[in-house]
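Structure first, then comments.
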Amino acid sequence: MNKEQLMEQAKLAREKAYVPYSKFQVGAALLTADGKVYNGANIENAAYSLTCCAERTALFKAYTEGDTKFSAIAVVADTKRPVPPCGACRQVISELCPPEMPVYLTNLKGDVQEILVKDLLPGAFSPEDLND
Ligand SMILES: O=c1ccn([C@H]2C[C@H](O)[C@@H](CO)O2)c(=O)[nH]1
Ligand SMILES: [Zn+2]
């Protein structure tokens, strides 16, 4: 699966968003190391803060199915610039994905910004910061 195909999957996933409050659909497609794709969309809730973003939906789906090795993620929304992931997603992606993994941010116009996981959240809180 190449970058264009992964972004196309993210666009399809976006259609599954549950966004009665924001009406802002986001899609994500997460490629595993063995070539599987997990889709995600944002799922909102009447208790607004319980919303789960598209990126975390895809990651949590993959993880809970036992797929924990990833090679790319694409994210798409109808934004002017390629959609930037929120801080919570940057934190979660930083922990669950390898530092050199590419993140393809895009929009419906087809603008693409490629960024590496290690550059998503400089200074992220990490497992090494926990005392045991
Ligand atoms: O990268 C992003 C940015 C926002 N959202 C969602 C959260 C909420 O449902 C809506 C508006 O913030 O978009 C995502 O899913 N991913
Ligand atoms: Zn997010």
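Each residue takes its place number in the sequence, starting with 1. Side-chain atoms are counted along with the backbone in the values below, which use heavy atoms only and exclude waters and symmetry mates. Atoms within each ligand, like the ligands themselves, are counted from 1 in listed order.
When V83, V26, V19 are ranked by how near their heavy atoms come to atom 14 (C) of ligand 1, first place goes to V26.
Assignment of C89 to the shell around ligand 1 is not supported, since no heavy atom sits closer than 4.0 Å.
Protein heavy atom closest to atom 9 (O) of ligand 1, with residue, atom name and distance, is E44 OE2, 2.5 Å. Scanning the protein heavy atoms around atom 3 (C) of ligand 1, the nearest turns out to be P84 O, 4.2 Å. The protein non-hydrogen atom at the shortest distance from atom 1 (O) of ligand 1 is E55 OE2, 2.6 Å.
Applying the salt bridge (Lys or Arg N to Asp or Glu O under 4.0 Å) rule to K36 yields the partners D67; only residues at least two apart in sequence or on another chain are considered.
Within 4.0 Å of atom 12 (O) of ligand 1, not a single protein heavy atom is present.
Note that OH of Y63 is 11.0 Å distant from CG of L30, once rounded to the nearest 0.5 Å. Here K80 contributes atom NZ and K109 contributes atom NZ; the two are 8.5 Å apart, rounded to the nearest 0.5 Å.
N42 contributes no side-chain N or O that, together with a main-chain N or O of A54, makes up a donor-acceptor pair within less than 3.5 Å. At distances below 3.5 Å, not a single donor-acceptor pair connects side-chain atoms of E114 with backbone N or O atoms of L105. Side-chain N or O atoms of N107 include one that pairs as donor or acceptor with a backbone N or O of T79 at under 3.5 Å. Of the possible polar contacts, one joining the R90 side chain to the P85 backbone as a donor-acceptor pair under 3.5 Å is found.
For the Zn ion (ligand 2), protein N/O/S neighbours under 2.8 Å (waters excluded) are C53 SG, C86 SG, C89 SG.
Among the atoms of N42, some N or O lies under 3.5 angstrom from an N or O of ligand 1. Taking distance alone, with nitrogen or oxygen atoms compared against 3.5 Å, A54 approaches ligand 1 more closely than that limit.
Using a 3.5 Å distance cut-off with no hydrogens or angles, the side chains of Q113 and T106 do not pair a donor with an acceptor.
Each of the atoms 10 (C), 11 (C), 13 (O) of ligand 1 lies under 4.0 Å from some heavy atom of F24. When each atom of ligand 1 is checked for a heavy atom of C53 under 4.0 Å away, the hits are 5 (N), 7 (C), 14 (C), 15 (O), 16 (N).
Taking both residues in full, the closest heavy atoms of F70 and L96 are given as CD1-O, 3.6 Å, listed atom of the first, atom of the second, then distance. Across every non-hydrogen atom of N39 and A29, the tightest pair is OD1-CB, 3.9 Å.
Considering only heavy atoms from C-beta on, V112 comes within 4.5 Å of M7 through its side chain.
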